[in-house]
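Inspection log for the structure reproduced underneath, given as structure tokens.
When a residue number appears, it is its place in the shown sequence, counting from 1.
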Amino acid sequence: METRGSRRPLLLSAAVLLVLAALAAVLTLAVRGSDGRPSAAGAAAGRSGPTGPAPVDLAALVDGYTAGFTPGGPYTAPDAGQRRAIADGVLGALDGQAEQAGRSLARVGYRLTEFTEAATGRRVAEIADGADADGTDAGSRGWGRVYLDLSARAGWSVQVPHPVSDARTEALGVDLFRAEPGGVLVLAGAHRRAGADGASDVAHRADTVFAAVVEALTGRGLPGTQVHGFDEGSLPGQDAVVSSGAGQPGPAAELTATGLGRAGYAACRAWREKCGQLGGTTNVEGRFAAGLGVPWLHVELGNGLRTEPARRAEVAGVLAQTVRGWAAGRS
């Protein structure tokens, strides 16, 4: 027969279960938000480090970051010490010295975090301004971000100097970064017309974080491809322009132009054809690479090749073949 005393443990157990269920509901609401979508706190928790609970979609992360980029938007020119601290942080992360990298970055309000990239399953390091690294806005300084693929030894970089301004080049950068292991994605942090007197046009200014990071990578011998966009009306009959900037054309330029041609796109070869003013000869990152004799590629793409996902994926596939050659030691 069940007695009053024998019921008491059962009642206590039920009460404990009810309390635990209520706590679980509160925690779920805090992470998911009242509308069922991830809240800012939940998103930050998902990107907190190597043991973060959920993979991160890099394309969505970059889109969220660049969504606020506008002409006249926020941009503060960095001084030499700030540029050096971030470049040193990138090199430290490249060398696997996370603690050292973190200290260098922290001096200027940047931080290093890691996450698993959703589309590839690879570990990725993000170097970002601590003020905007949670993805809530485009940041107040406009210095940009760097992503390192940690699944393989770094062998090349993809550089995006004009996100949003050259529409969807930021998406192409992500596509290429995903397409081949061992990449470093260098992303400018503001619209090219955000700063006064061209201060934020990182392709033509050497006093930017973007230039400092690219120069540090180039100094390590990493080849780079820089992606741009142009209006097809300015160069009728051409879908793309391929060049080595101020450097001598190497196998990478011909390989890229040929690959685009095989994909059905007309590619102007700037080293032997008239391609308007789209050869990238004044590009500061290209000039630096040429001075060191490091392979560097400048690719201008018409609107459709950047904004249409299927065509953009084809271009990323062509560029992946190029960087694969770099990774294998073929320049």
Taking the side chain as everything from C-beta on, heavy atoms only, tell me whether [X] gets closer than 4.5 Å to [Y].
X	Y	value
L94	V184	yes
T258	R269	yes
W156	L176	yes
R141	V209	no

Practice problem: Provide the full list of salt bridge (charged side-chain N to carboxylate O under 4.0 Å, His left out) pairs with a residue in residues 57-77, sequence neighbours left out, each pair given once. | Solution: D57-R178, D63-R168
Self-check item: All pairs passing salt bridge (charged side-chain N to carboxylate O under 4.0 Å, His left out) where residues 149-166 contributes a residue, at least two apart
Solution: R122-D149
May I ask whether [X] and [Y] are part of the same hydrophobic cluster, defined by side-chain heavy atoms of I, L, V, M, F, W, Y residues being less than 4.5 angstrom apart, directly or through others?
X	Y	answer
V202	I86	yes
L319	L222	no
Y110	L148	yes

Quiz prompt | Test side chain to side chain donor-acceptor pair (under 3.5 Å) applied to Y265 and E314, step by step | solution = CA-CA 10 Å; Y265 305 122; E314 288 182 318; 2.3 Å; yes
Practice problem: For residues 228-292, pull every pair meeting disulfide (SG to SG under 2.5 Å), keeping only residues two or more places apart or in separate chains. | Solution: C268-C275
What is the distance from atom [atom1] of [X] to atom [atom2] of [Y], rounded to the nearest 0.5 Å?
X	Y	atom1	atom2	result
R107	Q82	CZ	CD	11.5 Å
R145	E126	CZ	CD	4.5 Å
L301	R306	CG	CZ	7.0 Å
D175	E180	CG	CD	14.0 Å
L61	Y147	CG	OH	4.0 Å
E114	L150	CD	CG	5.0 Å

Quick one: side chain to side chain donor-acceptor pair (under 3.5 Å) partners of [X], sequence neighbours excluded?
X	answer
E273	none
T70	none
T281	none
W296	Q159

Quiz prompt | Name of the residue among V299, T256, V242 meeting side-chain contact (heavy atoms from CB on, under 4.5 Å) with T322 | solution = T256
Quiz item: What heavy-atom pair brings R287 and A246 nearest, and what distance separates the two atoms?
Solution: CG-CB, 3.9 Å
Self-check item: Minimum-distance pair of heavy atoms, taken over all atoms of G89 and S104
Solution: N-OG, 3.7 Å
Quiz item: T218: what forms a side chain to side chain contact (heavy atoms under 4.5 Å, CB included) with it, not counting sequence neighbours?
Solution: V214, F288, A289, L292, V294
Self-check item: Pairing residues for P249 by the side chain to side chain contact (heavy atoms under 4.5 Å, CB included) criterion, not counting sequence neighbours
Solution: S244, W271
Quiz prompt | Ring geometry between H204 and H162 (parallel below 30°, tilted from 30 to 60°, perpendicular above 60°) | solution = parallel
Show me the side-chain donor-acceptor pairs of residues 185-194 shorter than 3.5 Å, one per line, residues at least two apart or across chains.
from: H191; atom 1: ND1; to: R193; atom 2: N; distance (Å): 3.0
from: R192; atom 1: NH2; to: D201; atom 2: OD2; distance (Å): 3.2

Exercise. Only counting residues at least two apart or in another chain, list the ones meeting salt bridge (charged side-chain N to carboxylate O under 4.0 Å, His left out) with E300.
Key: none
Quiz item: Tell me the side chain to side chain donor-acceptor pair (under 3.5 Å) pairs involving residues 205-215, sequence neighbours left out?
Solution: R205-D207
